[in-house]
**Q** 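Can you keep this structure in mind? I'll have questions shortly.
Below, read A as the first sequence line, B as the second, and so on, with proteins coming before strands; counting in each chain starts at 1.
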Protein chains: 2
Amino acid sequence: MKLGEGVEAAIHCAAMLAGVDGNSTMSGAAMAEAFGLSPSYLLKHLNQLTAARILESVPGPAGGYRLARSAERITLLDIVLAVEGKEPAFRCGEIRQRGPVRLDASAYVKPCGINAAMLKAERAYRAALAEAKLSDIVVDFMNDADPRTVSASCAFVERHQRPQKNQSNQPSKV
Amino acid sequence: MKLGEGVEAAIHCAAMLAGVDGNSTMSGAAMAEAFGLSPSYLLKHLNQLTAARILESVPGPAGGYRLARSAERITLLDIVLAVEGKEPAFRCGEIRQRGPVRLDASAYVKPCGINAAMLKAERAYRAALAEAKLSDIVVDFMNDADPRTVSASCAFVERHQRPQKNQSNQPSKV
DNA sequence: TTATTGCGGATAAAAAATATCCATGATAAA
DNA sequence: TTTATCATGGATATTTTTTATCCGCAATAA
């Protein structure tokens, strides 16, 4: 049971984007630099977030990414599902009916109890992730993290965020 | 986020072993046949269960596997951890400190909040798995599954279990 | 027009999961 | 004692997945 590295990158990027002002954007290259990641690969993950409507993207110079909605309404579950896919971690191969004795298909209409138990645990996992809002992550970081990392992070956002044309800045999304 | 196929195989095998009498055993080859699995690969997983002291193995003819303790005291978490390993699914790569600005190491002594949130969800997952006892799986199967599959399963166990030498049969482990 | 950016496809490289084989030691049965 | 059966562990091969790179394209700000 493993999560890909893209999940960590995606959450960190989303948290950073929660700090940009109004509808300003931040380029994928800037976020790749911020976390020491391969730019071309990070774009794949950001793309998944865009496809899932967690992020919005703006092409062209001064383009980049921003949150598609407030950080209050983005959960870690949203991000994990966008990056890892929605299929459950436990995939029942129905090996109960792969044996030598071939019973009629009607004998297997009731779902496999093992599958049910595994999926139940996974629902608990997803419920916990659904409780974790991106805004909580950001607030906890601001309050609890080392002040040096907080100011470094804010400075990075300040330096790399890019205001958009023809639109007034809106209040922070956090 | 994916679990290997070995997990499904391991749980099914453990559930089947819960049905053997006393200290009788069942060979890995028999279980591979029961579920249509590759014998040589299934042995790897059974081996992990043995190493985790969930199963006991007996070499030689009439040898095989049996539960190392009652099915009441074996949980799905035990099995999943034995097969998949104990490391958390989310592995924090500390990318927060991989950026271009190199802060002093003392700035990162507080744990990463994102990692903490992900691990919290994983604790919920594991807690749910720890609640699921192997004996529950077996009882539910006996009570709820299609009677044809139940009797087929019991017949298979009856046919392949092998009594051990010099020891009286003990009551079922369920 | 030019430079920058995200997007998508193709592809490659690396890592992990899956699967097979063989030599070994243990042991029950003949 | 011999033989056959079984689990064990190592070595290795195969397949799949993950990670990563590259290039051409469309959009767009300057």
**Q** Counting only heavy atoms not in B:Arg159 (residues, nucleotides, ligands), do more than 12 fall under 6.0 Å from its CZ?
**A**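 Count over threshold, so yes.
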**Q** Could you tell me how far apart A:Leu55 (CG) and C:dC7 (C1') are, to the nearest whole angstrom?
**A**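 So the CG-C1' distance, A:Leu55 to C:dC7, works out to 14 Å.
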**Q** With a 4.0 angstrom cut-off to heavy atoms of chain A, pull out the first and last contacting nucleotide of DNA chain D, in 5'-to-3' order.
**A**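 The protein-touched segment is D:dT19 to D:dA29.
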**Q** With a 4.0 Å cutoff (strictly under), does any side-chain N or O of A:Ser57 reach OP1 or OP2 of C:dT5?
**A**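 For C:dT5, OP1/OP2 do not have a side-chain N/O of A:Ser57 under 4.0 Å.
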**Q** When we call it a touch if two heavy atoms are under 4.0 Å apart, what does B:Leu43 touch: a base, just sugar-phosphate, or nothing?
**A** base
**Q** May I ask you to decide if B:Arg91's main-chain N or O and A:Glu5's side chain share a donor-acceptor pair within less than 3.5 Å?
**A** no
**Q** How far does CD of A:Gln161 sit from OG1 of A:Thr25, to the nearest 0.5 angstrom?
**A**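 If we round to the nearest 0.5 Å, A:Gln161:CD and A:Thr25:OG1 are 9.0 Å apart.
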**Q** Round to a whole Å and report the spacing from CE of A:Met26 to P of C:dG6.
**A**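 So the two atoms are 11 Å apart, to the nearest Å.
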**Q** With side chains defined as the heavy atoms from C-beta onward, is the minimum distance between B:Leu129 and A:Met118 less than 4.5 Å?
**A** yes
**Q** Does a side-chain N or O from A:Asn47 land closer than 4.0 Å to OP1 or OP2 of C:dG8, or not?
**A** yes
**Q** Just report the end-to-end axis angle for the helix from C:dT1-D:dA30 to C:dA30-D:dT1, five pairs per end, to 10 degrees.
**A** 10°
**Q** Atom OH of B:Tyr65 and atom C1' of C:dA26: how far apart are they, to the nearest Å?
**A** 13 Å
**Q** Ignoring hydrogens and angles, state whether a donor on the side chain of B:Asn47 or B:Thr50 is under 3.5 Å from an acceptor on the partner side chain.
**A** no
**Q** Starting from P on C:dT5, measure out to CG on A:Leu42 and report it in whole angstrom.
**A**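 My rounded result for the distance is 14 Å.
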**Q** Return no unless some side-chain N or O of B:Arg162 is found under 4.0 Å from OP1 or OP2 of C:dA28.
**A** no
**Q** Measure CD/A:Gln164 against P/C:dT5 and give the value in whole Å, please.
**A**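 Roughly 12 Å, once rounded to whole Å.
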**Q** If we only count heavy atoms from C-beta on, is the A:Ile114 to B:His12 side-chain gap below 4.5 Å?
**A**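 Side-chain contact under 4.5 Å: yes.
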**Q** Write down the distance between CD (B:Gln48) and C1' (C:dA17), rounded to a whole number of angstrom.
**A**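 The answer, rounded to whole Å, is 12 Å.
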**Q** If you assign each of A:Lys2 and A:Gly64 to its closest nucleotide in DNA chain C, which residue comes earlier from the 5' end?
**A** A:Gly64
**Q** Between B:Lys120 and B:Glu122, is there a side-chain N and carboxylate O pair less than 4.0 Å apart?
**A** no
**Q** Give a yes-or-no answer on whether the side chains of B:Arg148 and A:Ser106 include a donor-acceptor pair shorter than 3.5 Å.
**A**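 B:Arg148 vs A:Ser106: donor-acceptor pair found between side chains.
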**Q** Taking the side chain from A:Gln97 and the backbone from A:Tyr108, do they hold a donor-acceptor pair closer than 3.5 Å?
**A**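 Checking the backbone N and O of A:Tyr108 against the side chain of A:Gln97, no donor-acceptor pair under 3.5 Å is found.
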**Q** What are the two closest non-hydrogen atoms of A:Phe141 and A:Val150, and how far apart are they?
**A**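 Of all heavy-atom pairs spanning A:Phe141 and A:Val150, the closest is O-CG2, 3.6 Å.
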**Q** Would you say CZ of A:Arg53 has more than 12 non-hydrogen atoms from neighbouring residues, nucleotides or ligands within 6.0 angstrom?
**A** no
**Q** Could you list all N or O pairs between the protein and nucleotides 18-25 of chain C that sit under 3.5 Å apart?
**A**
{"from": "C:dT18", "atom 1": "OP1", "to": "B:Glu5", "atom 2": "N", "distance (Å)": "3.2"}
{"from": "C:dT20", "atom 1": "OP2", "to": "B:Ser38", "atom 2": "OG", "distance (Å)": "2.7"}

